[in-house]
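Here is the structure we will look at.
Just so we're clear, the structure is a prediction, and the values are computed from it rather than from any experiment. Ligands are counted one by one from 1 in listed order, and the atoms in each one are counted from 1 as well.
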Amino acid sequence: MKFSNRIEQVNPSMTLAIDAKAKEMKANGEDVIGFGAGEPDFNTPERIKQAAIRAIEANDTHYTPVGGTNELKDAIITKMKRDNGLDYDRNQILVSCGAKHSFYNLAQALWEEGDEVIIPAPYWVSFPEMVGLAGAKPVIIETDAAHNFKITVDQIKKVLTPNTRAILINTPSNPTGFAYEKSELEAIAQCALENNLLMISDEIYEWIIFDGFKHTSIASLSKEAQKNCVVINGVSKCYAMTGWRIGYIAADAEIVKKVTKLQGQSTSGPCSISQAASIEALVGPHDDVLEMVREFEKRRNVMVDQLAAIPGVSCNKPNGSFYSFPDFSELNGKKDRNGKVIQGSLDFTEFLLTEKKVAIVPGIAFGADANARMSFATSLDKIEEGVKRIKEAVELLK
Ligand SMILES: *Cc1c(COP(=O)(O)O)cnc(C)c1O
């Protein structure tokens, strides 16, 4: 069978692969501790589930408009005003089947061969793949732990070409957990505007922030920034709704119109019931969200403090999301019990899974081979046990 060149170029999602392997070991009765999950371990809050049940009972089960119901668009408009100080009209909002779908559609509508899109690494695994699927070139800027994995304007200026179309910002970040300060975003926005770059801002973890940090949307910095920015957001992470598949963009009306046209010939509107539930998620009382965030913060403290105490491991304390991004590169060159030399994040994570049944995601999946991603969307008990096992595993390396 011949397949398209387009699909042959796509790398399968490594984060999903590790998670699947750990789940399979678990299903075989093995005592696996999984830090691979890219989703909250909490269930969807009751108020949101009840809104979905009401929607079913009201026969809210038909096709909706392609870009989402007016009611959900209005809830998103309310949210953008409340959380980000941004004003949008309905024709500037498009609801899709998850934020991943939002970005996919956007990439298809905006870019093609010859275009370049700047992506800071470590990146969310799907960003470069989806830019590539659109035919465009992902231009990766590497960041480091010393700068909490954030890019600087100098780095951006070095990679600019006449073909650079856009820059991607993900704050708080998956996989690093770090969020940009307002002043850092101001510098990036100024550079983007001066160089005619569209800003794509993925803010899907915006409520999951710690130590009193304040999230800033780069779109909120000025009217001009808003016009030249596509905000991507969704309900998956902050409301524990990964399975409901609702994401959205807020952008200039012309962009929304083009992307809606694509969606109209592919998926049509997202699930009507999920849309109804998302209204409640966005505009209902947020006590449940804050409770989840408090829990994540406790777990972050335990995970990061204990990891950083392991000789050969370093880990900065992230200020958002539910991931830590420890550096294991000091262990490179050491040998396991069978004499196999550890040569990067893939070797180390495989060693960990085989030797101690702890699943973490190799940083190479995110363009950072020194690190690995560890999700703290799991219980404190599992975190303590898992990090203890990592310490024991590291001690086995000679
Ligand atoms: C999880 C995630 C998404 C996609 O979430 P959906 O479930 O598709 O809404 C988008 N961006 C980042 C950075 C993520 O971590």
message: Looking at Ser375 and Ala37, would you say the former's side chain and the latter's main chain have a donor-acceptor pair under 3.5 Å?
response: yes
- request: Pull out every atom of ligand 1 sitting under 4.0 Å from any heavy atom of Ser236, numbered as shown with elements.
  value: 6 (P), 7 (O), 9 (O)
message: Test your reading of the structure: does Arg245 have an N or O sitting under 3.5 Å from an N or O of ligand 1?
response: yes
message: Can you confirm whether the side chains of Lys79 and Asn84 place a donor and an acceptor under 3.5 Å from each other?
response: yes
message: Quick test: of every protein heavy atom, which one is nearest to atom 5 (O) of ligand 1, and how far off is it to 0.1 Å?
response: Ile204 CD1, 3.5 Å
query: Would you say Gly247 contacts ligand 1, with heavy atoms under 4.0 Å as the rule?
result: no
task: Show which atoms of ligand 1 fall inside a sub-4.0 Å distance from at least one heavy-atom site of Asn174.
output: 13 (C), 14 (C), 15 (O)
message: So Leu94 and Tyr248, do their side chains get closer than 4.5 Å, heavy atoms only?
response: no
Atoms in ligand 1 with a heavy atom of Lys237 nearer than 4.0 Å: 1 (C), 2 (C), 3 (C), 5 (O), 14 (C), 15 (O)
message: With heavy-atom distances below 4.5 Å as the criterion, would you say the side chains of Val125 and Glu129 are in contact?
response: no
Side chain, backbone, both or neither: Ala99 near ligand 1, heavy atoms under 4.0 Å: both
- prompt: Asp202 heavy atoms, cut-off 4.0 Å: which ligand 1 atoms fall inside?
  reply: 10 (C), 11 (N), 12 (C), 13 (C)
- line: From the list Glu30, Glu392, Glu385, Glu350, salt bridge (charged side-chain N to carboxylate O under 4.0 Å, His left out) partner of Lys357 resolves to Glu30
statement: For Asn170, the ligand 1 atoms with a heavy-atom partner under 4.0 Å come out as 13 (C)
- request: Pick one of side chain, backbone, both or neither for how Tyr205 approaches ligand 1, counting any non-hydrogen atom pair under 4.0 Å.
  value: side chain
query: Can an N or O of Tyr323 be found at a distance shorter than 3.5 Å from an N or O of ligand 1?
result: no
message: I'd like to check which ligand 1 atoms, numbered from 1 as shown, lie under 4.0 Å from a non-hydrogen atom of Lys100.
response: 4 (C), 6 (P), 8 (O)
message: Could you tell me if the side chain of Ile118 sits less than 4.5 Å from the side chain of Thr164, heavy atoms only?
response: yes
task: Kindly indicate whether the side chain of Leu282, heavy atoms from C-beta on, has any atom under 4.5 Å from the side chain of Leu72.
output: yes
field: Modelled atom types, side-chain donor and acceptor of Glu116 and Thr161, under 3.5 Å
entry: yes
